[in-house]
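Whatever order the structure lists ligands and atoms in, that order sets their numbers, starting from 1. Positions are given from 1, in the same order as the sequence printed here.
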Amino acid sequence: MPHAATPPPSTPLYVNDGLLSPGQVGHLRPSSPGDPLDELRERYRNDGYLLLKGLLPRDDVLKAREAYFALLAPSGVLSPGTRPVEGIFDGTKDKLDYPGMSSSRNFDTYRRGAGSTDANGRPRGGLFVDLALQAHGEPWYKDEFCKHPALHSFVAKFTGWGDSTLGLTRSLLRNNTPHNKAIGVHYDQIFLRHGEDTSMTAWVPMGNVALDGGGLIYMEKGHELGREIEKDFYDRARRTGLSDAEAKDAFNQNMMSGGLLADGPKEFGEAHGRRWLVTEYEAGDVVLHTPYTIHASTINKDPRNVIRLGTDLRFVDSSRPYDTRWKNVYTFGDGV
Ligand SMILES: O=C(O)CCC(=O)C(=O)O
Ligand SMILES: [Fe+2]
């Protein structure tokens with residue numbers, strides 16, 4: 001598909017540090033799960049990601065979306081008269097009472113009450129945050145959606161890991177409510193660093209996401225830059241006399257708190273002279289990305305107030321050392 005020749009989208013795209021300029025934006029290249037495997041692998045190697053259109057049956061994704069918002073409805077997050085599957089935010093509410101879970105650290109902060117408080121001094125988020133956490137342990141999510149055979153079998157075949165393919169249980173359901181902060185610039189190996197750098201992330205939007213609806217964005221050739229940054233951190237740590245293991249633990253000292261390379265994609269993209277690749281997503285799409293692929297998210301500016309829901313499912317070759325801290329269902333303050 002002629003992604004390079006397509007003009008940049010004209011929809012304004014907001015990130016944590018402002019509006020991306022048209023020259024900073026390109027399109028993600030879509031692939032079909034039915035394309036020859038060798039071609040798909042080649043693309044993944046070259047681009048650092050693979051956007052698979054319609055890998056999951058749309059109905060299964062919408063069923064999970066429906067279950068999620070039915071669970072969260074008692075918090076008052078949904079616009080009255082709309083159906084849970086639509087996931088429409090009630091625009092009369094204060095967005096700060098419905099903090100999107102853009103990263104686990106953000107969420108932990110809200111949970112501990114260290115985030116903002118309301119007029120009565122109570123931590124914001126209350127029931128909404130509790131229910132959003134509860135969702136991670138619900139059977140429709142952890143036993144069905146996360147273990148969807150269409151995704152598992154594709155990853156097993158694509159990677160060649162076969163029966164050793166293991167989906168890590170820990171995952172984060174990210175509910176980006178309109179206008180709230182988005183996840184900053186990062187690559188995933190930072191969070192999986194107690195294992196080899198061979199894992200694969202499947203980012204799964206749970207519902208349609210409009211171009212400005214807060215979807216994931218990928219830095220062009222970001223996997224190459226991510227690898228360079230990692231090497232640079234490592235070399236620097238070794239030069240200061242740290243052992244291999246100590247060097248690994250020292251990585252976080254080189255990052256912002258929470259393991260991010262930067263809070264703002266705009267400035268980071270400018271500093272590295274690279275574009276951010278965007279797309280609109282449809283329920284059923286999945287993006288596979290490497291542990292060094294640099295990505296972030298736009299701020300959800302959906303004009304209909306559609307809440308962006310997505311999850312990141314991680315896969316490893318269980319015959320190799322992997323980060324076993326990811327074997328348990330996500331809980332607040334699990335320290336990962
Ligand atoms: O959904 C998000 O906002 C972040 C997801 C992510 O970073 C990932 O899938 O690795
Ligand atoms: Fe990520």
Output field: ring centroids Phe191/His186 closer than 6.0 Å:
yes
Aromatic ring proximity Tyr218/His295, centre distance under 6.0 Å:
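Between His295 and Tyr218, which both carry aromatic rings, the centre distance is below 6.0 Å.
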Under 4.0 Å between a Lys/Arg side-chain N and an Asp/Glu carboxylate O for Lys53 and Asp285?
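Asp285 and Lys53: salt-bridged.
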Hey, which atoms in ligand 1 end up nearer than 4.0 Å to a heavy atom of [X]?
X      : result
His289 : 8 (C), 9 (O), 10 (O)
Thr201 : 9 (O), 10 (O)
Trp203 : 1 (O), 2 (C), 5 (C), 9 (O)
Asp188 : 10 (O)
Ile183 : 3 (O), 4 (C)
His295 : 6 (C), 7 (O), 8 (C), 10 (O)

Counting backbone and side-chain atoms alike, is an N, O or S atom of Asp312 positioned under 2.8 Å from the Fe ion (ligand 2)?
no
Any N/O/S atom from His186 (main chain or side chain) under 2.8 Å of the Fe ion (ligand 2)?
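Here the distance criterion (N, O or S atom, under 2.8 Å) is met by His186, so yes.
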Can you measure from CG (Asp212) to CG (Asn300) and round to the nearest 0.5 angstrom?
8.0 Å
Leu288 and Ala202: which non-hydrogen atoms are nearest, and at how many Å?
CD2-CB, 3.8 Å
ILVMFWY cluster membership beyond Leu62 - transitive side-chain contacts under 4.5 angstrom:
Val85
Which is the closest N/O/S atom of Asp188 when seen from the Fe ion (ligand 2)?
OD1
Closest His295 atom to the Fe ion (ligand 2) [N, O or S only]:
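Result: NE2.
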Crowding at CZ, Arg41 (>12 non-hydrogen neighbours, <6.0 Å):
yes
side-chain hydrogen bond (donor to acceptor under 3.5 Å, both in side chains) partners of residues 62-71, not counting sequence neighbours, each pair once
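Non-adjacent pairs meeting side-chain hydrogen bond (donor to acceptor under 3.5 Å, both in side chains): Tyr68-Asn175.
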Residue portion contacting ligand 1 (non-hydrogen atoms closer than 4.0 Å) for Leu216:
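Looking at Leu216 and ligand 1, just side chain atoms fall under 4.0 Å.
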For atom 7 (O) of ligand 1, tell me which residue out of Arg174, His186, Arg314 has the closest non-hydrogen atom.
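Going through Arg174, His186, Arg314 one by one, His186 has the nearest heavy atom to atom 7 (O) of ligand 1.
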